[in-house]
Amino acid sequence: MGMRSLLGAVGVLLVLNGAAGLAHEASGRYGAWSLVHRIAGPLEGMEIFANLVLIVLGVAVCARAGRVRRPG
């Protein structure tokens, strides 16, 4: 697995996790998917912001994955 594939997979997981967290905040469902929901102690009251940060970070990682050069 190359660096491009790894970064792409990590970026997609971050975006999906942030979206699941926002869905959990809106509907109360999908809590098992959300990393923010699992570590809610230090993030109490800032869950929506933390999920938005995950989404933005995931998009940034995916964008960076597209710029990784192949060796050779």
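We use all heavy atoms of the structure for the numbers below, so side chains are in, but hydrogens, waters and symmetry mates are not.
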> Members other than Phe49 in its cluster, when Ile, Leu, Val, Met, Phe, Trp, Tyr link by side-chain heavy atoms under 4.5 Å?
Replying inline: Val53

>> Please report the interatomic distance CG(Leu14) to CG(Asn51), rounded to the nearest 0.5 Å.
In response: 11.5 Å

> So which heavy atom on Gly8 is nearest to which on Cys62, and how close?
Replying inline: O-SG, 4.0 Å

> Shortest non-hydrogen contact from Val59 to Val15?
Replying inline: N-CG2, 3.7 Å

>> Under the rule for side chain to side chain contact (heavy atoms under 4.5 Å, CB included), what residues qualify as partners of Ile48, not counting sequence neighbours?
In response: Leu22, Glu25, Leu52

> With sequence neighbours left out, what residues match Ala50 under side chain to side chain contact (heavy atoms under 4.5 Å, CB included)?
Replying inline: Val36, Leu43

>> Would Leu7 and Val10 count as a side-chain contact (heavy atoms from CB on, under 4.5 Å) here? Give the steps.
In response: CA-CA 5 Å; Leu7 283 175; Val10 168; 5.5 Å; no

